[in-house]
Amino acid sequence: MKNNMKDLRARLEFSQDVLAEKLRVSRQTIISLEKGSYNPSITLEFKLARLFNCHIEDIFIYEEDNE
């Protein structure tokens, strides 16, 4: 899933380590999220939206599969 995490994190001037600490996840989780190789739980999505002061849809871009 594509996302705007890196830009939002940079806006707050957080390192990946700082963001991971605030969310109580590993730095590897942040890296995987930013690369789009990991889809977070809804709980983590809400935590990110609250931290970034935005809507979940402002962070994550859902693209439907063309089956």
For Ile42, what are the other residues in its hydrophobic cluster, where any two members join if their side-chain heavy atoms are less than 4.5 angstrom apart?
-> Met1, Met5, Leu8, Leu12, Phe14, Val18, Leu19, Leu23, Val25, Ile30, Leu33, Tyr38, Leu44, Phe46, Leu48, Leu51, Phe52, Ile56, Ile59, Phe60
With sequence neighbours left out, the residues meeting side chain to side chain contact (heavy atoms under 4.5 Å, CB included) with Glu21 are none
Quick one: OH on Tyr62 to CG on Asn3, what's the gap to the nearest 0.5 Å?
-> 15.5 Å
Gap between atom NE2 of His55 and atom CZ of Arg50 - 0.5 Å precision = 13.0 Å
Run the side chain to side chain donor-acceptor pair (under 3.5 Å) check on Thr29 and Ser26 step by step: do they pass?
-> CA-CA 5 Å; Thr29 298; Ser26 69; 3.0 Å; yes
Counting N and O atoms only, with roles assigned by atom type, does the side chain of Asp7 sit under 3.5 Å from a partner on the main chain of Asn4, one being a donor and the other an acceptor?
-> no
Side-chain touch Arg9/Glu34, heavy atoms, less than 4.5 angstrom | yes
